[in-house]
Amino acid sequence: MQQHEVAARVRQVIDAAGISAREFARRIVIDPSKLSRSLNGSRRFTAAELARIADIGGVDAGWLLGSASGLPVPPASPPMSEPSPPPEGGRPLQIVRETVRLIAERGFHAVRVSDIATACRTSTAAIHYHFPGRDDLLEAAVRWCMDEDTRRRGAATEGTDHAGDELRLLLELQTPRTGQQRRQWSVWLDLWAEAARSTTVGQLHREYYRQWRTTVSDVIRRGVEQGVFRPVDPDAAALTLTALIDGLASQVLATAPDSPGTGTGAQAMHDALIAHVDTCLTAPAG
């Protein structure tokens, strides 16, 4: 079957799902730009992606390829005393969420496929059906973390016009106060180590930090234009500030959350970041 015919059938699945292409990409756990290129014919869907599309869309994978036979149907889950409800967002998204949670708790190399299957109440065969290898699963987990972080930042700063206020909101989001924020940072720290050894993860890591530093740089640039910040170089200031955030967060994560008085807690990190902004960026009053 021609590539454009596969793309046309995938479009039918997306239309039938009644959601945006971006939301569909989130559910099948691929980058939205990859989905767009595949739908436009400049990139081929992988077998694993077609399997996830079939699962989310409730169609036969063979139909996507134009034949009655093709990719197998998802393997059955092991018998349980009670059937588990369909996971929110579909099985692939559930797998990725549980993978991220387990990475945060144990570290990537300590997480086995069988652990993920147990957490999802499914079989290891079902995990491999959606993500054939560990590299596929790690890439999907990285992309999901990136998308979630970007989504949270966008939601928190939406409608904020004052650059100083927006920068402080971004700093608050990056401070690991809650259990969820600590888990998120734990995953990032583990992925940094992976990025040093994996070309794929390294590329994702570089792209994410390019986007993150651009976000901070744009806020600082607007602050300079508004007269809120000193006339600094926005790119250099963003590089320094994001490096400070990363260094302080790693110290916070190395400290137990219930260990006050160590000087490396979340509040101490936040205070240090605000002091840096006030001293190095904020324009003098009057």
Side-chain angles (χ1 to χ4, degrees), residues 1-77 83-100 113 116-117 119-152 154-155 200 203-204 207-208 211:
M1 191 175 190
Q2 296 296 318
Q3 186 174 335
H4 71 275
E5 294 177 292
V6 175
R9 294 198 174 194
V10 173
R11 284 196 190 92
Q12 290 181 45
V13 173
I14 296 173
D15 291 342
I19 57 178
S20 68
R22 185 172 188 82
E23 172 62 17
F24 195 82
R26 188 184 74 85
R27 293 190 183 186
I28 63 173
V29 203
I30 69 169
D31 188 83
S33 64
K34 276 190 175 182
L35 177 61
S36 177
R37 293 199 304 273
S38 297
L39 292 175
N40 291 334
S42 59
R43 174 187 178 274
R44 289 184 179 276
F45 286 104
T46 67
E49 288 166 359
L50 289 172
R52 297 199 292 272
I53 290 168
D55 188 42
I56 292 295
V59 299
D60 181 76
W63 173 80
L64 289 173
L65 295 170
S67 64
S69 61
L71 298 174
V73 296
S77 300
S84 58
E88 180 183 357
R91 180 68 72 189
L93 189 55
Q94 181 200 30
I95 292 170
V96 169
R97 284 173 171 162
E98 290 299 324
T99 299
V100 169
V113 173
I116 300 167
C120 294
R121 301 187 69 200
T122 189
S123 65
T124 56
I127 304 297
H128 287 304
Y129 173 80
H130 294 293
F131 302 98
R134 285 174 64 91
D135 288 345
D136 301 295
L137 191 50
L138 177 59
E139 180 179 350
V142 175
R143 290 191 182 280
W144 185 81
C145 287
M146 289 168 56
D147 288 346
E148 283 296 290
D149 194 46
T150 302
R151 181 188 61 78
R152 280 192 292 267
T200 299
Q203 290 173 344
L204 289 173
E207 175 60 19
Y208 170 77
Q211 294 175 5

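Source: prediction; values computed, not measured.
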For the pair R22 (side chain) and P32 (backbone), establish whether a donor and an acceptor sit closer than 3.5 Å, ignoring hydrogens and angles. no
Minimum heavy-atom separation for A7 and S38, please, with both atom names. CB-O, 3.7 Å
Got a second to check how far F45's CZ is from L39's CG, nearest 0.5 Å? 4.5 Å
Heavy atoms, side chains only, cut-off 4.5 Å: are F24 and I30 in contact? no
Say whether, by atom type as modelled, one donor and one acceptor occur between the side chain of N40 and the main chain of S42 under 3.5 angstrom. no
Ignoring hydrogens and angles, tell me if any N or O in the side chain of E49 forms a donor-acceptor pair with the backbone of T46 under 3.5 Å. yes
Taking atom CZ of R143 and atom CG of L138, what is their separation to the nearest 0.5 Å? 11.0 Å
Exercise: identify the closest heavy-atom pair between I95 and A126: CD1-O, 4.5 Å
Go through the side-chain N and O atoms of Q211 and E207 and say whether any donor and acceptor fall under 3.5 Å apart. yes
What closest approach, in Å, do L35 and A21 show between heavy atoms, and which atom pair accounts for it? CD2-O, 3.3 Å
For Q94 and R91, which I'm curious about, is there any donor-acceptor pair between the side chains at under 3.5 Å? yes
Taking R52 for its side chain and I28 for its backbone only, find out whether a donor-acceptor pair lies under 3.5 Å. yes
Are side-chain heavy atoms of V59 and Q12 found at a separation under 4.5 Å? no
Out of curiosity, E23 CD to I14 CD1, how far, rounded to the nearest 0.5 Å? 11.5 Å
Non-hydrogen atoms of V6 and L64 that approach each other most closely: CG2-O, 3.7 Å
Supply the atom-to-atom distance I56 CD1 to L93 CG, rounded to the nearest 0.5 angstrom. 7.5 Å
Do the side chains of V113 and F131 get nearer than 4.5 Å, heavy atoms only? no
For a 4.5 angstrom cut-off between non-hydrogen side-chain atoms, does R151 reach R26? no
If you take all heavy atoms of G133 and D136, which pair is closest and at what distance? N-OD2, 2.9 Å
Heavy-atom check, side chain of P92 versus side chain of D55, under 4.5 Å: yes
Taking every non-hydrogen atom, the tightest pair across A117 and T124: CB-N, 3.7 Å
Between R9 and E5, does any NZ, NE, NH1 or NH2 come within less than 4.0 Å of an OD or OE carboxylate oxygen? no
Backbone N/O of M146 and side chain of D149: donor-acceptor pair under 3.5 Å: no
Between the CZ atom in R134 and the CD1 atom in I127, the distance rounded to the nearest 0.5 Å is 12.5 Å
